[in-house]
2 protein chains.
Amino acid sequence: MQDSGQGQRGDWLPPSVRDAGVNRALGPGDFLFRVDTPTAGLFEVIKGRIKLVRIAPSGRETILYTASAGDFVAEASSFSPTYHCDAVATTDSVVRLYPKRSLFAAFRENPEAAQAFMGMLAREVMSLRTRLEQRNIHAARDRVRHYLTLNAGADGRTVILSGTLKDLAGELGLSHEALYRTLADMAADAEIERLDGKIRLKSPDV
Amino acid sequence: MQDSGQGQRGDWLPPSVRDAGVNRALGPGDFLFRVDTPTAGLFEVIKGRIKLVRIAPSGRETILYTASAGDFVAEASSFSPTYHCDAVATTDSVVRLYPKRSLFAAFRENPEAAQAFMGMLAREVMSLRTRLEQRNIHAARDRVRHYLTLNAGADGRTVILSGTLKDLAGELGLSHEALYRTLADMAADAEIERLDGKIRLKSPDV
DNA sequence: CGGCGTTTTGAGAGAGCTCAACATCGGTGG
DNA sequence: CCACCGATGTTGAGCTCTCTCAAAACGCCG
């Protein structure tokens, strides 16, 4: 996140693959792919939301992941002959498919492309682990601190908010009300300063 | 997790790389590596715990990730010239270093090795995303259900517990007491059946 | 038999969630 | 230009649920 968050998420894609991408529009409820069908390649969500779900024998639906604009879907499935879950659009969405063939061709012909892909995945792993670690922090205030210190810019104390606070609340796993309150409290305690679209950590402490 | 959880975590490593691995022991507080120093390669935690931390200018320590036996550390850093955080052992630990050079040599000479590595990373991404999604489920019971349905074995309703329930509680992000209680409630409601080291989901519902 | 860690159960308190009302800010259209 | 509307931002109050602290039963191993 902190690494790949800025700039195009697909920076690492070699032009040959990028050009081979095909867009596809889906309406709410449309399947992007279904379990046990052959895999097509790597999908990038351009717009909307795609949920990956597994249906238990009991009929219960278990959500594996919800992808939003900018996210990739089916990285792992690209290495598998068939899909292991269903992918369904929950809103009007647009996805871009990078066919498996062009992807692997690029990797084979261009080791740097492969390396870039690995690097992207590795950074994604790191980012996800960090977010998971964050969820182990129970106190809202500590969780917000964790986020702010990790996402501070070059000066080490200014965080630029990319989306709305509501979005941030979702990423932090807090209700938006809890986030507002926490931010208000921290500002009241002069721990942070709230600028337009930015949050600045006030003086070091401890 | 459900994919890579079983079997050796390093299955994907080609023998040439595996053989080039070097073990190293650390005591509590020992640094495995420090921020801004040149990267050595990929580490596998054989025993103990390694925490990745970033020290904010304020001196505050932010934990990025805590790796336990079987986990890999510094996947992303392998693609970077220097480390972006510190790695410190929190207990007596043993790690195994797979030098960058042997790793990339293997990737270059053996496309399948590269592909295996990518597949491993991609599965890890998937697993982490799923765990993150799980943390969005607030009710303990629903969270346990999510875990059980996703980790059911071939029959779709039996989950083999790999560690203790306490460990499971940690993975689920619940206190162990909360997990015990939830499991007891679910058993009382005949939603699950508790066998020795296993949990079986009872009849489909809904 | 005597620890030691896991598994259980109990009770209380606190923190965040939910529901609700309201303020604010852009954008839209009359 | 202003009224309207929807989404974001903000604050209030109650409630539920999990966490924490405690204590005890259980199982395993030396």
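Scope of the values below: all heavy atoms of this structure, side chains included, with no hydrogens, waters or symmetry mates. On a predicted model such as this, the values are computed, not experimentally measured, just so you know. Quick note on labels: first sequence line is chain A, next is B, and so on, each numbered from 1.
Taking the side chain of A:L174 as heavy atoms from C-beta on, and the options C:dC17, D:dT10, C:dT7, the nearest nucleotide is C:dC17. Nearest to the side-chain atoms of B:A178 among the listed nucleotides D:dC19, C:dT8, C:dT9 stands D:dC19. With distances taken from any side-chain atom of A:T164 to the nucleotides C:dG16, D:dT18, D:dG9, the minimum falls on D:dG9.
Between the side chains of B:T149 and A:T62, at least one donor N or O sits under 3.5 Å from an acceptor N or O.
One interatomic measurement links the two molecules: CG of A:L183 to P of D:dT11, which rounds to 10 Å at whole-angstrom precision. Rounded to whole Å, the distance from NE2 on B:H138 to P on D:dC19 is 12 Å. With rounding to whole Å, B:D142 atom CG is found 17 Å from D:dT16 atom P. Per the geometry, CG belonging to A:L172 stands 11 Å off P belonging to C:dC17, to the nearest Å.
The distance between the ring centers of A:W12 and A:F72 falls below 6.0 angstrom.
The shortest distance between the side-chain N/O atoms of B:R194 and the OP1/OP2 oxygens of C:dT8 is below 4.0 Å. The phosphate of D:dG9 has OP1 or OP2 within less than 4.0 Å of a side-chain N or O from A:Y180.
With DNA chain C read from its 5' end, the first of the two nearest nucleotides for B:E177 and B:D167 is the one closest to B:D167. When each of A:G173 and B:R181 is assigned the nucleotide of DNA chain C with its nearest heavy atom, B:R181 is the one assigned upstream, toward the 5' end.
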